[in-house]
Asker: 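Take this structure, written in structure tokens, and hold onto it; I'll ask about it next.
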Amino acid sequence: MAEISIIVPIYNIKAYLPQCIESLLYQTFSDMEILLVDDGSTDGSGKICDEYAQKDSRIRVLHKKNGGLVSARKAGLSMAKGEYIAYVDGDDFIEPDMYERMYRTMKEQDVDVVMCGRYEDTGDVSRKVFHGIPEGRYGKEGLIRDVYPQMIAKEAFFEWGIFPSVWDKLFRRECLEQFQMEVDDRIVMGEDAACVYPCLLHAESIYILQECLYHYRQTVSSMVKKIPDCETEREQFRIFYQTINKSFERDIEIFDLRQQWKKYVLFLMVPRSDGLYKGYEELDYLFPFPKVKKGTDIILYGAGTYGQRLYRYLKRTGFCRVEAWVDQNYKQLQAMGLPVENPIVISDVPNAAIVIANTFEISRKKLYQELVTKYQREKIHLLNEKLVFSEETIQAFGLENESEN
């Protein structure tokens with residue numbers, strides 16, 4: 001029986017799938033099984049899975065009706081035989097020694113979960129990203145003292161403690177299984193967090209590796225997920241927030257994570273406010289930028305998940321006139337098909353307001369400090385954190401919870 005079961009959920013990712021599978025086959029660690037879960041692909045991805053399975057006996061393929069990422073991960077876990085569980089998304093790939101490194105750490109440190117850093121690959125640019133908690137082993141006492149107080153979110157809005165992703169981690173099966181199977185299949189945003197944070201709350205020990213072993217490929221489709229309609233989106237977020245919040249309520253004797261959870265959910269919701277904020281269309285300002293009024297000429301600075309969503313909303317509605325959309329990584333973003341320009345064009349539109357579309361405090365404020373050395377301070381707009389956490393916003397997003405302290 002294989003020591004590690006690697007679960008790969010797959011849905012219409014034909015272009016990236018061979019690189020993903022081959023990065024698994026050529027691991028320096030070989031005592032593993034690779035479970036390819038074809039979640040109803042229609043682009044030929046399933047055929048690619050079958051072809052690789054014929055070449056290597058470590059690969060098993062499950063073809064299933066499309067049910068979403070959560071159902072695919074559950075299906076893979078149900079067929080897994082390994083004592084340890086790992087996940088890889090089918091459009092990503094990993095370093096050759098990832099599982100050798102993580103398995104060795106798991107055994108030497110005798111922990112329930114091992115996690116590593118990642119490379120964020122945008123076009124031909126690769127950026128190293130690490131967890132926000134120092135490298136090392138944390139037993140239960142260390143988890144309660146040093147990890148849980150900042151596990152989901154640190155004081156800044158927003159700054160990670162431990163990333164919610166399942167794919168940068170190796171789990172002891174008995175630590176993971178219950179929490180993966182409890183995730184509601186209807187959740188389509190935050191699927192990883194719904195499993196990972198309850199799992200870590202119950203873990204007896206973890207180890208954080210400050211080295212990058214996973215390649216997370218950022219594409220337009222992966223950065224901005226499409227939701228069929230606003231009512232569906234609101235319902236999915238309601239289920240997501242409330243079900244996990246209830247599990248944290250049950251476990252407050254371990255550590256109370258509810259305020260961190262609310263901050264995290266708001267972090268996910270703010271970029272999608274046009275589809276989640278009840279009464280959004282009645283506002284006379286661009287949420288959450290209270291000084292950017294309807295009809296303002298703006299330069300949108302930022303083309304990550306938030307920037308892309310905000311740009312699409314503004315172009316669709318004309319709420320504000322986007323005179324330019326800029327980002328420091330404009331070359332890579334242009335290669336992805338986005339109409340993003342070099343920030344140098346800001347000088348060509350002197351009367352436009354500059355809206356910084358960034359939900360990460362450290363990078364957001366760093367960019368602000370750079371811009372105020374070149375442009376008038378009053379024309380540069382940061383998201384207003386007080387507004388994000390106001391009762392008005394909490395109610396508009398439907399996050400009221402009477403049982404909270």
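Excluded from the calculations below are hydrogen atoms, water molecules and symmetry mates; all remaining heavy atoms, backbone and side chain alike, are included.
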Asker: Is the side chain of Ser45 donor-acceptor paired with the backbone N or O of Ser41 at a distance under 3.5 Å, no angle test?
Answerer: no

Asker: Is it true that Phe130 and Trp160 have ring centroids separated by less than 6.0 Å?
Answerer: no

Asker: Kindly give the heavy-atom pair with the smallest separation between Arg172 and Asp110, and that separation in Å.
Answerer: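 Shortest heavy-atom contact: NH2-OD1, 3.5 Å.
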
Asker: Which atom pair, heavy atoms only, marks the closest approach of Gln260 to Tyr148?
Answerer: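 Residues Gln260 and Tyr148, closest heavy atoms: NE2-O, 2.7 Å.
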
Asker: For Tyr99, does its backbone N or O pair with a side-chain atom of Gln27 as donor and acceptor, under 3.5 Å?
Answerer: yes

Asker: Sequence neighbours excluded, which residues qualify as ring-ring contact (aromatic ring centres under 6.0 Å, His included) partners of Tyr285?
Answerer: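 Tyr285 satisfies ring-ring contact (aromatic ring centres under 6.0 Å, His included) with no other residue.
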
Asker: Looking only at side-chain N and O atoms, does Tyr84 offer a donor or acceptor that is under 3.5 Å from a partner on Lys107?
Answerer: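 Side chains of Lys107 and Tyr84: pair found under 3.5 Å.
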
Asker: Please give me the minimum heavy-atom distance between His381 and Lys379, naming the atom from each residue.
Answerer: CD2-O, 3.3 Å

Asker: What about His215 and Tyr119, are their ring centers closer than 6.0 Å?
Answerer: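 Aromatic pair counts; centres sit under 6.0 Å.
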
Asker: Can you find a side-chain donor-acceptor pair between Tyr87 and Gln180 that sits under 3.5 Å?
Answerer: yes

Asker: Arg258 side chain to Asn245 main-chain N or O, any donor-acceptor pair under 3.5 Å?
Answerer: no

Asker: For the side-chain hydrogen bond (donor to acceptor under 3.5 Å, both in side chains) test, which of Arg60, Arg58, Lys81 pairs with Glu33?
Answerer: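 Of the listed options, the one satisfying the test is Arg60.
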
Asker: Pick one: which of Tyr197, Phe248, Phe179 meets ring-ring contact (aromatic ring centres under 6.0 Å, His included) with His202?
Answerer: Phe179

Asker: Quick check: does any side chain N or O of Asn12 sit under 3.5 Å from a backbone N or O of Thr42, one acting as donor and the other as acceptor?
Answerer: yes

Asker: Check the pair Tyr103, Glu3 against side chain to side chain donor-acceptor pair (under 3.5 Å), reporting the backbone distance first and the verdict last.
Answerer: CA-CA 9 Å; Tyr103 179 79; Glu3 280 286 276; 2.5 Å; yes

Asker: If the condition is side chain to side chain contact (heavy atoms under 4.5 Å, CB included), which residues does Ser165 pass it with, not counting sequence neighbours?
Answerer: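 Once residues adjacent in sequence are excluded, the partners of Ser165 under the side chain to side chain contact (heavy atoms under 4.5 Å, CB included) criterion are Arg118, Phe163, Trp167, Asp168, Lys169, Asp192.
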
Asker: When the aromatic ring centroids of Phe360 and Phe267 are compared, is their separation below 6.0 Å?
Answerer: yes

Asker: Please confirm whether the backbone N or O of Val340 pairs with a side-chain atom of Gln334, one donor and one acceptor, at under 3.5 Å?
Answerer: yes

Asker: Excluding sequence neighbours, so at least two apart, what forms ring-ring contact (aromatic ring centres under 6.0 Å, His included) with Tyr368?
Answerer: none

Asker: Under 4.5 Å between any side-chain heavy atoms of Tyr216 and Asp89, yes or no?
Answerer: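 They are not in contact (no side-chain heavy atoms under 4.5 Å apart), so the answer is no.
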
Asker: Within a radius of less than 6.0 Å around CZ of Arg316, do more than 12 heavy atoms belonging to other residues, nucleotides or ligands occur?
Answerer: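 Yes.
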
Asker: Between Trp261 and Phe240 (judged by ring centroids, cut-off 6.0 Å), do the two rings come close enough to count as a pair?
Answerer: yes

Asker: Flag yes if more than 12 heavy atoms outside Lys14 fall under 6.0 Å of its NZ atom; otherwise flag no.
Answerer: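 12 or below, so no.
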
Asker: Could you go through the side-chain contact (heavy atoms from CB on, under 4.5 Å) check for Val8 and Leu35 one step at a time?
Answerer: CA-CA 6 Å; Val8 187; Leu35 308 176; over 6 Å; no

Asker: Side chains of Tyr11 and Asp39 only: does a donor on one sit below 3.5 Å from an acceptor on the other?
Answerer: no

Asker: Indicate the atoms forming the closest heavy-atom contact of Ala75 with Leu62, along with that distance.
Answerer: CB-CD2, 3.7 Å

Asker: Within a reach of under 6.0 Å around CD1 of Ile254, are more than 12 heavy atoms found that belong to other residues, nucleotides or ligands?
Answerer: yes

Asker: Might you point out which heavy atoms bring Val166 and Phe171 nearest each other, and give the distance in Å?
Answerer: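 Looking at all heavy atoms of both residues, the shortest contact is O-CE1, 3.7 Å.
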
Asker: Is it the case that Thr305 and Arg309 place a side-chain donor and acceptor less than 3.5 Å from each other?
Answerer: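 The criterion, which ignores hydrogens and geometry beyond distance, is not satisfied for Arg309 and Thr305.
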
Asker: Hydrogens and angles aside, do Asp97 and Thr28 bring a side-chain donor and acceptor to less than 3.5 Å of each other?
Answerer: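 Result is no, nothing qualifies.
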
Asker: Verify whether one side chain among Ser71 and Lys64 offers a donor that lies under 3.5 Å from an acceptor in the other.
Answerer: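 Ser71 vs Lys64: donor-acceptor pair found between side chains.
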
Asker: Closest heavy-atom contact between Tyr311 and Pro339?
Answerer: OH-CG, 3.6 Å

Asker: Run the ring-centre check on Phe397 versus Tyr277 and record whether the distance is less than 6.0 Å.
Answerer: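 Close enough - the centres of the two rings lie under 6.0 Å apart.
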
